[in-house]
Amino acid sequence: MAKNLVIVESPAKAKTIKKYLGKNYEVIASEGHVRDLPKSDMGVDVENDFEPHYITIRGKGDLLKALRKAASKADFVYLATDPDREGEAISYHLAIALKLPEKKYKRITFNEITKNAVKESIKNARDIDMDLVDAQQARRVLDRLVGYGISPLLWEKVHKRGLSAGRVQSVALKMISDRDQEIDDFIPEEYWTIDASLTVPGQKKPVAFRYTGEIKTEEEAAKITEAAKKDRFVVSSIKESQRSTKAPLPFTTSTLQQTAAGRLNYSTSKTMRVAQQLYEGVEIKGHETVGLITYLRTDSTRISEEADAAVREMIRTTYGEEYVAEEEEKKKDGKRIQDAHEAIRPTDLNQKPAALKGVLSDEQYKLYKLIYDRFVASRMKPAVFNIFAVTADSAGYSFRASTSSIAFAGFQTVYPAQEKAEATVNFHGISQGDELKRLDVIPERHFTAPPAHFTEASLVRTLEENGIGRPSTYAPTISTLLARRYVSKDKKDLFITELGSAVNSIMEAGFPVIVDESFTANMESLLDKIGEGAIQWKVVVRNFYPDLDEAIKNAGENLASIRIADEESEEVCEKCGTRMVIKYGSYGKFLACPNFPNCRNTKPFFEKIGVMCPKCGKDIVVRRTQKGRIYYGCIDIPECDFMSWSRPVDKACPKCGSLMTVKGKRLACIDADCGYVEAVASEGKE
């Protein structure tokens with residue numbers, strides 16, 4: 001029997017760590033929390049100074065029994081849950097649930113799952129940090145008081161069960177609602193631009209010079225256009241300058257989610273899922289299982305001295321001394337940063353993305369390469385650009401054109417800008433006083449654009465900028481808003497739904513403090529102070545609860561109800577002839593007769609794709625496997641067995657007549673033996 005027991009959170013992590021520690025250690029996963037507040041009631045004794053009532057999570061009984069048995073046989077137990085407040089709380093609850101004697105266990109943390117980091121953590125084992133446990137407990141209790149206090153009121157006022165409110169969730173919903181309202185209220189303002197198409201010596205194509213002033217009316221635009229068409233264009237100034245762009249900081253949770261959304265089209269939840277896989281460990285030939293990145297939930301941009309020295313040496317040997325940043329770029333870290341953490345970075349620079357392309361899945365490879373390149377770039381010198389601007393005057397009006405070229409690529413050698421570089425114009429063949437031949441002068445009318453709808457990435461950025469939520473809460477908050485149908489997603493844009501508007505209006509009217517951004521940010525600051533040991537957690541809860549309790553009572557008495565009609569479907573109830581409506585249950589959408597309780601007919605809801613089954617002629621619909629993978633099958637399954645992993649389109653293969661399916665940016669015949677493929681422009685999918 002192993003002398004030592006190490007308890008981690010996930011089986012994947014357990015598998016990786018076991019290989020590092022050897023036969024004297026047994027490594028078992030707790031599979032997350034083992035104790036929590038009950039789901040059936042609030043679980044917080046308000047009358048007894050907000051004492052939480054924890055129970056064993058349903059389904060964890062056998063696991064706890066196995067853990068107790070292993071702990072009783074081990075000489076010593078190491079609690080190795082994640083290195084954050086949540087992980088600290090899980091370790092605390094494990095110690096309680098397993099009834100571990102104080103002298104028999106310690107807490108260990110590591111920012112990366114590598115052999116050195118894990119072994120070093122055992123040398124530096126410590127007691128559980130009760131301040132961090134209390135900070136997590138305060139958050140849990142506050143969220144439970146808000147959620148279980150307000151949610152029943154929402155059910156009553158909106159006449160729908162399953163609605164919820166939350167400290168961060170409700171603020172995020174209000175942000176989206178306010179942005180949508182701002183867009184609706186936006187009144188476009190007219191403005192004009194004027195481009196003069198001029199011939200530049202040495203350039204095959206004409207160059208557009210834009211009028212430098214501000215034009216508000218068509219009359220003013222016409223006046224300038226006519227004057228410029230009648231006069232010469234003479235070069236009045238030539239200005240050469242340089243502009244540098246600093247290297248980006250290494251990733252935090254927030255910036256990783258934002259960048260992965262922009263560059264890879266990943267949702268926040270997908271980014272965190274894939275990053276978790278990279279953190280916990282991937283099997284690599286010759287290295288067994290390796291944790292490829294450091295801990296993924298962090299708002300620190302700090303890098304360890306060892307990692308900093310290693311990446312600078314790699315840059316020096318690969319690109320040259322001139323590419324190494326002179327000094328570390330540091331972000332002015334706010335109080336919210338859990339600075340025991342580092343930024344998200346690769347654990348081993350020798351594990352280059354290109355070498356792992358055949359080992360990692362496509363989505364793992366793309367995210368790992370993004371993290372790897374960003375980290376290397378963060379320790380490189382700025383990119384430097386030569387700027388050449390030329391001003392030409394005509395009829396007393398100035399028109400300008402400029403071009404830029406790279407003088408020194410710097411960090412962009414590794415981490416190029418996302419925007420495509422525009423074709424540069426060579427202005428070196430002209431001098432001040434030269435006349436440029438005019439080909440045309442073209443005015444164009446424009447209107448100012450409203451603010452953009454929130455995307456997942458921009459919402460995360462705004463939440464972080466306002467000090468709302470933590471790295472671990474961004475993705476779950478957005479997932480909850482989408483799952484509750486408070487918000488819908490069209491391509492990347494988030495829109496508030498009718499249901500979301502109803503919930504938000506109740507929250508704004510009845511609970512203005514809960515949805516106030518500054519209040520929520522201040523609460524996050526108080527939670528940080530609990531974690532630092534500066535405030536006791538019950539003091540924060542005691543000060544918060546009376547106002548919440550009063551607001552719930554007032555809202556129950558004074559707020560009016562809001563009814564939202566269910567969305568009608570095209571399906572007709574075969575029992576009573578009424579058009580069925582779309583309802584939402586624990587497993588997603590289903591169809592129900594609106595004449596309930598007189599008619600109780602229900603049936604599954606299927607999303608049709610507008611393509612007919614080639615076997616029976618009925619609709620092909622979107623389906624999911626038990627593990628959630630999407631596929632496309634006949635609506636009449638199991639009577640008809642047609643299915644396809646790729647989305648069919650309403651087009652026959654010109655070669656064999658079978659259905660065509662979407663394969664990335666191609667259309668391919670569903671019949672693999674046929675093999676016909678053709679290119680097609682398709683929208684990127686997550």
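Thr462 places a side-chain N or O within donor-acceptor distance of the main-chain N or O of Ser458, the cut-off being under 3.5 Å. A donor-acceptor pair under 3.5 Å is absent between the side-chain atoms of Arg379 and the main chain of Ala325, judged by distance alone. For the pair Asp348 (side chain) and Asn350 (backbone), a donor-acceptor distance under 3.5 Å is present. At least one donor-acceptor pair closer than 3.5 Å links the side chain of Ser378 to the backbone N or O of Phe375. A donor-acceptor pair is defined here as one N or O able to donate and one able to accept, closer than 3.5 Å; no such pair exists between the side chain of Tyr365 and the backbone of Pro353. With Thr318 contributing its side chain and Ile315 its backbone, the two residues share no donor-acceptor pair below 3.5 Å. Judged by distance alone, the side chain of Arg484 and the main-chain N or O of Gly162 form a donor-acceptor pair under 3.5 Å.
Applying the ring pair (Phe, Tyr, Trp, His ring centres under 6.0 Å) test to residues at least two apart or on different chains, the pairs with a partner in residues 475-500 are His453-Phe495.
Counted within 6.0 Å of CZ on Arg485, heavy atoms from surrounding residues, nucleotides or ligands total more than 12; the atom is thus considered enclosed.
One finds the CD1 atom of Ile113 at 6.5 Å from the OG atom of Ser10 (value rounded to the nearest 0.5 Å). Interatomic distance, Met175 CE to Asn466 CG, rounded to the nearest 0.5 Å: 4.5 Å. We find the CG-OG distance between Leu356 and Ser361 to be 11.5 Å, quoted to the nearest 0.5 Å. Going from atom CD1 of Ile17 over to atom CD1 of Ile108 covers 7.0 Å, rounded to the nearest 0.5 Å.
For the pair Leu527 and Leu142, the minimum side-chain heavy-atom distance is below 4.5 Å. Side-chain atoms of Thr245 and Arg243, non-hydrogen and from C-beta on, do get closer than 4.5 Å to each other. In this structure the side chain of Asp82 reaches within 4.5 angstrom of the side chain of Lys13, judged on heavy atoms. Counting heavy atoms from C-beta outward, Val515 and Leu173 have side chains that stay 4.5 Å or more apart. Within the 4.5 Å cutoff, side-chain heavy atoms of Asp493 are placed close to those of Thr455. Counting heavy atoms from C-beta outward, Glu86 and His33 have side chains that approach closer than 4.5 Å. Looking at heavy atoms from C-beta onward, Met272 lies in side-chain contact with Leu296 at the 4.5 angstrom threshold. Residues Ile478 and Val460 have side chains in contact (heavy-atom distance under 4.5 Å, counting atoms from C-beta outward).
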Exercise for review: Take Tyr323 and Lys381, measure what side-chain contact (heavy atoms from CB on, under 4.5 Å) needs, and give me the verdict at the end.
Suggested key: CA-CA 5 Å; Tyr323 282 88; Lys381 282 195 175 165; 5.8 Å; no

Practice item. Could you go through the salt bridge (charged side-chain N to carboxylate O under 4.0 Å, His left out) check for Glu283 and Lys15 one step at a time? Key: CA-CA 10 Å; Glu283 287 193 18; Lys15 182 180 178 182; 2.6 Å; yes

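Of the residues listed (Leu370, Thr294, Thr301), the one engaging Phe251 in a side chain to side chain contact (heavy atoms under 4.5 Å, CB included) is Leu370, and it is the only one. Ser91 pairs in a side chain to side chain contact (heavy atoms under 4.5 Å, CB included) with only one of the listed residues (Leu132, Thr109, Leu79), which is Leu79.
Here the closest heavy-atom approach between residue Leu249 and residue Arg374 is recorded as O-NE, 2.6 Å. Across Val414 and Pro416, no two heavy atoms sit closer than the pair O-CD, 3.4 Å. Closest approach of Ala383 to Ala409, counting heavy atoms only: CB-O, 3.3 Å. Closest non-hydrogen pair, Ile183 versus Pro450, comes out as CG2-CB, 4.3 Å. Scanning both residues, Tyr368 and Lys352, for their nearest heavy atoms gives CE2-C, 4.4 Å. The shortest heavy-atom contact between Ser300 and Thr252 is O-CG2, 3.5 Å.
Asn386 pairs by the side-chain hydrogen bond (donor to acceptor under 3.5 Å, both in side chains) definition with Gln242, not counting sequence neighbours.
Between the side chains of Ser254 and Glu464, at least one donor N or O sits under 3.5 Å from an acceptor N or O. Between the side chains of Arg470 and Thr253, no donor N or O sits under 3.5 Å from an acceptor N or O. At a cut-off of 3.5 Å, with distance as the only test, a side-chain donor of Glu456 or Thr268 sits close to an acceptor on the other residue.
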